[in-house]
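Whatever order the structure lists ligands and atoms in, that order sets their numbers, starting from 1. Bear in mind the structure is a predicted one, so any value in this text is a computation, not a measurement.
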Amino acid sequence: MQHDGLGDMHNPSLLPVALFDSGMGGLTVLKALAKCLPAEDMIYLGDTARLPYGTKGRDTIIRYTLKAAGKLVDMGVKMLVVACNTATAAALPTIRDHFAPLPVLGVVEPGAMAAASASRNGQIVVIATEATIAGGAYQQAIARIRPEARVLGRACTLFVPLAEEGWMKGPIVEGIARRYLKHIFTPPVTALRPDTLLLGCTHFPLLLHALQRVVGPHVRIIDSAATTAQCVKEELTWRALLRDAGHSGISRFLTTDNCARFARTGSLFLGRPLKPDEVDLIDL
Ligand code: DGL
């Protein structure tokens, strides 16, 4: 994707939207965004060399996220979407301060909004990485929107490598999911059963089918991709930064390690073939 520097300076709406994740999970957000805003160009960066972020300390996550965001911002973008819950939970305020006035959107608030409105009985389970759960970002975000909701957080660390490996279903995936979740969704008869499972990690939508089998058909499984895409659209509209509808959006993919692997597994997340020559290797 070539940008005419001068033209872009005079018309920032022509610049791409940047998305960032520790790996390929954020591609689930890119997919939703491309559907919602087909005219927008996008640059996606997956920091696969440093994945996983979810088991790392807060300061490390902030440092990595600042580095990655800086790289994207230097390329000339009109908006940054932190398409990683772990990075959003740890680093969103820092990123916003650092790159102001660039609009920066995370995935936690949109995910919390989606779950808070989907749940009928207010019993919500959020699954995410260790860092996201420990920081309590989802619990706090849902409490702001729906104070009476009861939110239970559960770290599901092994789901990230399963998704990155492209293991989406089958007895091993379901066995691990059962170990993490079964007791939560089969409470004693006196207790209220959770009716909503919020996927608080952008890698987890890949495991949707297996998760639904484990928690049962009556539980609504929600992720932040579609709501985030809607929030991006609103923000770009409000700032008059939407691209002309006549344009056909192009996506460019960057990774910090192994383009061939990114293309192979990324195809599963995107739901369309991704060729290795669509992916560029960068260093942070
Ligand atoms: N995709 C990231 C998220 O949404 C987590 C993956 C990781 O642990 O790096 O939290």
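- Under the 4.5 Å side-chain heavy-atom criterion for grouping Ile, Leu, Val, Met, Phe, Trp and Tyr, L281 is not connected to M24 through any hydrophobic cluster.
- Under the 3.5 Å distance criterion, with hydrogens and angles disregarded, a donor-acceptor pair is assigned to the side chains of T129 and T86.
- Applying the 4.0 Å criterion to heavy atoms of T129 picks out, from ligand 1, the atoms 5 (C), 8 (O), 10 (O).
- One finds a salt bridge joining R146 and E148 here, because a Lys/Arg side-chain nitrogen approaches an Asp/Glu carboxylate oxygen to under 4.0 Å.
- For atom 1 (N) of ligand 1, the closest non-hydrogen atom on the protein side is H203 ND1, 2.7 Å.
- Linking Ile, Leu, Val, Met, Phe, Trp and Tyr whenever their side-chain heavy atoms come within less than 4.5 Å leaves L92 and M113 in two separate clusters.
- In terms of protein heavy-atom proximity, atom 8 (O) of ligand 1 is closest to G54 N, 2.8 Å.
- The distance from ligand 1 to the heavy atoms of Y53 drops below 4.0 Å at these ligand atoms: 7 (C), 8 (O), 9 (O).
- The heavy atom nearest to atom 2 (C) of ligand 1, out of those in A87, C84, A128, is found in C84.
- Neither the backbone nor the side chain of T55 comes within 4.0 Å of ligand 1, counting heavy atoms alone.
- Here N85 has heavy atoms under 4.0 Å from ligand 1 in both its backbone and its side chain.
- Ion pairing between a basic and an acidic side chain is recognised when a charged N comes within 4.0 Å of a carboxylate O; E278 and R272 show such pairing.
- One finds no salt bridge joining K71 and D74 here, because no Lys/Arg side-chain nitrogen approaches an Asp/Glu carboxylate oxygen to under 4.0 Å.
- With hydrogens left out, the protein atom closest to atom 6 (C) of ligand 1 is S22 OG, 3.3 Å, a heavy atom.
- In terms of modelled atom types and a separation under 3.5 Å, the side chain of R193 and the main chain of F185 share a donor-acceptor contact.
- Remark: ligand 1 atoms within the under-4.0 Å shell around heavy atoms of D21 are 1 (N), 2 (C).
- Considering only non-hydrogen protein atoms, atom 10 (O) of ligand 1 sits nearest to T86 OG1, 2.5 Å.
- Atoms of ligand 1 found under 4.0 Å from any heavy atom of L51, numbered from 1 in the order shown, are 9 (O).
- Using a 4.5 Å cut-off between side-chain heavy atoms of Ile, Leu, Val, Met, Phe, Trp and Tyr, with links allowed through other members, L33 and F253 fall into the same hydrophobic cluster.
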